Amino acid sequence: MSSKMIVLMSSDGQSFEVEEAVAIQSQTIAHMVEDDCVADGIPLANVESKILVKVIEYCKKYHVDEANPISEEDLNKWDEKFMDLEQSTIFELILAANYLNIKSLFDLTCQTVADMIKGKTPEEIRSTFNIENDFTPEEEEAVRKENQWAFE
Amino acid sequence: MRTISDLPVALVEEILSRVPLTSLSAVRSTCKTWNALSKTQIFGKTRQQFLGFMMIDFGLYSIKFDLQGLNYESDFVEPSIKRVSILDQLDIFKVFHCEGLLLCVFRGNRWPVVWNPYLGGTGWIQPISDFHKYQVSDKFAFGYENKNRNYKILSAWKVLDVNPDCDIKCGVSLKGKTYFFAKEIAKAPNVKDFLVCFDFTAERFGPRLPLPFHSCGLFSEHVTLSCVRDEHLAVLYRRYNGVMEIYITTKIEPNEVFWSNFLKVDLTTFPDRFYGSRSHYFFIDEEKKVAVVFKNEPEWTMDCSYQTAYIIGKGGYLKSVKFGETPNDRKHNNAWNINSFMLSSYVPSLVQL
């Protein structure tokens, strides 16, 4: 039994052959398949090969059917390992998941970053993400006072 | 090298919206952009703990009550309260929550204040009648008119010329309307107590709605209402014989309500005599299947006072939790011995004042 394959082309010119059923987890690709413009491959100008490889890895894992059954618990564990990446790669994945419109990958990547923010002090957040503190001491104190009520 | 600052604003917003509300202060203090972004959308839509506001002894406090520690292996629970300094100068007499806004009424002849904690704005509300002085027994309702989201406060039923035609006991806001527990004015043996909704758009009370129990009007009975996730109501009914029942709505609209059983427990089996209290502020945690009921009087020791809450679960589970220890140095001007305690859950909103 042969399944329909389509070709995805990264921004740096590499080609990847992927099962259509796996690829259409991306709404963007699904629309293109519906509009029948995939014959010569799909150019993904915004996604470089290093990232596209990870996206395809994700989509293959999440293409769950009788041939590839997997429990939710196992998927969660796999997600954790999958997201053990450098920050820069995570942000590239967020951009790719957004561009390719893969909701579950987008949720996973955004939540991973949100979890990196959770529980940290402002200094720790700035240090983790290399963010400059553009508040003056007076401004920072005003913000702290305004949020004095907030649950911690 | 991609950094978070390289991402388009819309994507940073998506990330921040998944950060829990408990990190709000830290995120806002990180940088100006994040401070601004945090005010265009609500953080942490799924929350893991009870977040609300309490009034204790004329002061306003925010409260975080985390039940995550309750599981098969342990039962470590550590609620924390924080005194809200922005309203510290005046004694607060009553507090109401409606869709992310807090209506605070002060002792003495001062105008009430509406405060949006999430955005930080406050608006002073003028009393409708300049000669109207807020009395100890005044009852307030707080909700909004559907079309314009104009907030209206209702004071002692005089403001909007409405006659509820019944004896209103207590109320809670849900989805912009206020639901009250009320009794018929004419007391007769088989007359039932009921729930009634005030519609701020139509400026009138809705039909009488049934309660899942038959309270018979004895002084030793008590009924309190609470919000569940701003979607449903819960009602606590303490019978004269010390049995406490909690029900939760499966459907709640101004003219229709359906209830289901949540918990039933015999308070006389509890070691503490807290069921003697006049009112039982509470919240329920559906995931942990427990109710948390607050004692509305502090406990006193030589050096400090503290608050007590009881976590009550099915099958007789009971755990008492002490929190909010305050040293005994605040002057207590409670000449009338007014019961100054209330609790409300909090749902943030972006309403500008």
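Hydrogens, waters and symmetry mates play no part in the numbers below; they use all other heavy atoms, side chains included. Throughout, a chain's letter reflects where its sequence line sits, starting with A, and its residues are numbered from 1. What you see is a predicted model; the values in this text were computed from it and never measured.
Proximity to chain B is absent for every atom of Asp115(A), based on heavy atoms less than 4.5 angstrom apart. Using a 4.5 Å cut-off between heavy atoms, Ser5(B) touches chain A through its side chain atoms alone. For Leu16(B), the part sitting under 4.5 Å from any heavy atom of chain A is the side chain, from C-beta outward, and nothing else. Of the two parts of Glu139(A), only the side chain, counted from C-beta on, holds a non-hydrogen atom closer than 4.5 Å to a non-hydrogen atom of chain B. Heavy-atom distances place the side chain of Leu24(B), and not its backbone, under 4.5 Å from chain A. The contact between Pro20(B) and chain A is made entirely by side chain atoms (from C-beta outward), counting heavy-atom distances below 4.5 Å. Heavy atoms closer than 4.5 Å to chain A are found in the side chain of Leu7(B), but not in its backbone.
Interface check for chain B: of the options Leu95(A), Thr121(A), Ile94(A), the most heavy-atom pairs under 4.5 Å are formed by Leu95(A). Top candidate by heavy-atom pairs under 4.5 Å with chain A, chosen from Ile86(B), Ile63(B), Asp6(B), is Ile63(B). Per-residue counts of heavy-atom pairs under 4.5 Å with chain B were compared for Phe91(A), Phe129(A), Phe106(A); the largest is that of Phe91(A). When Ser62(B), Pro117(B), Ala10(B) are compared by the number of non-hydrogen pairs under 4.5 Å with chain A, Pro117(B) comes out ahead.
In this model, no donor atom of one side chain and acceptor atom of the other lie less than 3.5 Å apart for Glu14(B) and Asn98(A).
With hydrogens and angles ignored, the 3.5 Å screen pairs no side-chain donor or acceptor of Gln307(B) with any backbone N or O of Gly324(B).
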(request) Go through the steps to decide whether Lys50(A) and Glu48(A) satisfy the test salt bridge (charged side-chain N to carboxylate O under 4.0 Å, His left out), and finish with yes or no. (result) CA-CA 6 Å; Lys50(A) 175 178 138 186; Glu48(A) 60 169 15; 5.1 Å; no
(request) Check the pair Asn133(A), Glu140(A) against side chain to side chain donor-acceptor pair (under 3.5 Å), reporting the backbone distance first and the verdict last. (result) CA-CA 9 Å; Asn133(A) 181 6; Glu140(A) 200 169 340; 3.2 Å; yes
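For Phe53(B) and Tyr346(B), the ring centers are positioned less than 6.0 Å apart.
Taking the six-membered ring for Trp and thresholds of 30 and 60 degrees, Phe341(B) and Phe294(B) have ring planes inclined between 30 and 60 degrees apart. Aromatic ring pairs are classed by plane angle as parallel below 30°, tilted from 30° to 60° and perpendicular above 60°; the pair Trp78(A) and Phe82(A) is parallel.
Closest heavy-atom contact between Arg28(B) and Ser38(B): NE-OG, 2.7 Å.
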